[in-house]
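Chain letters run A, B, ... following the sequence lines, proteins first and then strands; every chain starts at 1.
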Number of protein chains: 2
Amino acid sequence: MSRPLAHPNSEDITVAGILHALADPVRLAIVSELLKAEAGLNCTQMTDRLEVDMPKSTCSQHYRILRESGLIVSERKGVELTSRVRLRELETRFPGLLQSILKAHEQETTKTRRRGRGG
Amino acid sequence: MSRPLAHPNSEDITVAGILHALADPVRLAIVSELLKAEAGLNCTQMTDRLEVDMPKSTCSQHYRILRESGLIVSERKGVELTSRVRLRELETRFPGLLQSILKAHEQETTKTRRRGRGG
DNA sequence: TTTAATAGTTCATAAATACGGTACAACAGG
DNA sequence: CCTGTTGTACCGTATTTATGAACTATTAAA
């Protein structure tokens, strides 16, 4: 698979697709992490960062859903597949959407952390 | 048996829950319609407005998911169950979130309907 | 080239979830 | 009581999701 990774065009990105992709807590966390790492992260790095016991196949599926929803773009770098958020395109297509969702997620995370998840 | 319709407290509303609820096109449309009707709408009215052939049980299920996610509040009025969006609470809990999602939804809907401009 | 190691995808299957039909409950009017 | 209206509960079917095993793709070493 040298490259046929399916990335939708900006115009084909849908709200429902984005919401569905981000409706999963793990995927929401993935996108949140990706935003902190501008260089992008591959599955292995992501699994490590999230500190969850996630099988490779599951991470791959999550990435695929995020990719097909148009949220991330994946690029092969040697053996690895580095992904990052399609920030500019998303902002152009649906201004403020991703920002609001991630902001809300951070709020939520912050509140949760205060009760014993010091990390 | 008047069941005490389960409404989560503001603090228990989650981003993932909201996104999951709104990830369904029908539910997104329902919320969009509810926002236009401040007095609230019951299932029958909603089915009529959306002009979709939706069974009662399906509409009821959609309402339940929206209710349990904290997006709407349902109130008994005789035989009917009128629901409306928990606008203020949602705005307090996750400022701008619902607004952005609905705005994106409107953009998408508008774009789909026409191809350039006009009305 | 072969062999090994690393990173990720695809397949098969089981579990979870959603949709919609049917039966039923709650209320209003008679 | 009965009848009509509105919504819910339950269940069968269909779709979706999670994940281990096997497979592909790339790099390195010999």
**Student:** Measure from CE on A/Met54 to C1' on C/dT9 and round the result to the nearest Å.
**Tutor:**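 Checked: the CE to C1' distance equals 15 Å.
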
**Student:** Between B/Glu106 (side chain) and B/Lys103 (backbone), is there a donor-acceptor pair under 3.5 Å?
**Tutor:**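 Pair absent, no side-chain N/O of B/Glu106 close to backbone of B/Lys103.
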
**Student:** Hey, could you give me the CD/SG distance between B/Gln45 and B/Cys59, rounded to the nearest 0.5 Å?
**Tutor:**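 Here the rounded value is 10.5 Å.
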
**Student:** Can you tell which of B/Leu71, B/Ile72, B/Ile65 makes a side chain to side chain contact (heavy atoms under 4.5 Å, CB included) with B/Arg27?
**Tutor:**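 The option that passes is B/Ile65.
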
**Student:** Starting the side chain at C-beta, find the nucleotide from C/dA7, C/dT9, C/dG20 nearest to A/Ser60.
**Tutor:**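 So the nucleotide nearest the side chain must be C/dT9.
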
**Student:** Rounded to whole angstrom units, what separation is found between the CG atom of A/Asp48 and the C1' atom of C/dA7?
**Tutor:**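 About 14 Å, once rounded to whole Å.
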
**Student:** Using only atom types and a distance under 3.5 Å, with no angle test, would you say the side chain of B/Glu33 pairs donor to acceptor with the backbone of B/Arg49?
**Tutor:**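 Here the side-chain-to-backbone pair does not exist.
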
**Student:** What's the separation between atom CG in A/Leu19 and atom CG in B/Leu19, rounded to the nearest 0.5 Å?
**Tutor:**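 It comes to 5.5 Å.
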
**Student:** Could you run through nucleotides 13-19 of chain C and give me one letter per nucleotide, 5' to 3': B if any protein heavy atom sits under 4.0 Å from the base, S if only the sugar-phosphate is that close, - if neither?
**Tutor:** -----SS

**Student:** Return the value, rounded to whole Å, for the distance between atom CZ of A/Arg64 and atom P of D/dA18.
**Tutor:**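 Between P of D/dA18 and CZ of A/Arg64: 11 Å.
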
**Student:** Choose from D/dT6, C/dT10, C/dG20 the nucleotide whose nearest atom is closest to any side-chain atom of B/Asn42.
**Tutor:**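 Closest nucleotide among those given: D/dT6.
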
**Student:** Which one, C/dA7, C/dG20, D/dG20, comes nearest to the side chain of A/Glu80?
**Tutor:**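 For the A/Glu80 side chain, the nearest candidate turns out to be C/dA7.
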
**Student:** Atom CE of B/Met46 and atom CD1 of B/Ile30: how far apart are they, to the nearest 0.5 Å?
**Tutor:**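 If I round to the nearest 0.5 Å, the distance is 5.5 Å.
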
**Student:** Say whether, by atom type as modelled, one donor and one acceptor occur between the side chain of B/Glu91 and the main chain of B/Gly96 under 3.5 angstrom.
**Tutor:**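 Yes; at least one donor-acceptor contact below 3.5 Å.
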
**Student:** Round to the nearest Å and state the distance from A/Arg76 atom CZ to C/dA7 atom P.
**Tutor:**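 One finds 12 Å between P of C/dA7 and CZ of A/Arg76, rounded.
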
**Student:** Would you kindly give the NZ-to-C1' distance between A/Lys56 and C/dT9, to the nearest whole Å?
**Tutor:**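 Nearest whole value for this atom pair: 9 Å.
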
**Student:** Where the side chain of A/Arg67 is defined as all heavy atoms beyond and including C-beta, which of C/dG21, D/dT26, C/dT9 is the nearest nucleotide?
**Tutor:**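 Comparing C/dG21, D/dT26, C/dT9 against the side chain of A/Arg67, the answer is C/dT9.
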
**Student:** Which nucleotide sits closest to the side chain of A/Thr44: C/dG8, C/dG20, D/dT6?
**Tutor:**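 The closest nucleotide is C/dG8.
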
**Student:** From C/dG8, D/dT19, C/dT10, pick the nucleotide closest to the side chain of A/Leu81?
**Tutor:**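 Among the listed nucleotides, the one closest to the side chain of A/Leu81 is C/dG8.
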
**Student:** In whole angstrom, what separates B/Leu5's CG from D/dT6's C1'?
**Tutor:**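 Atom CG in B/Leu5 sits about 13 Å away from atom C1' in D/dT6.
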
**Student:** Between atom OH in B/Tyr63 and atom C1' in D/dT6, what is the gap in whole Å?
**Tutor:**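 After rounding, the reported distance stands at 12 Å.
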
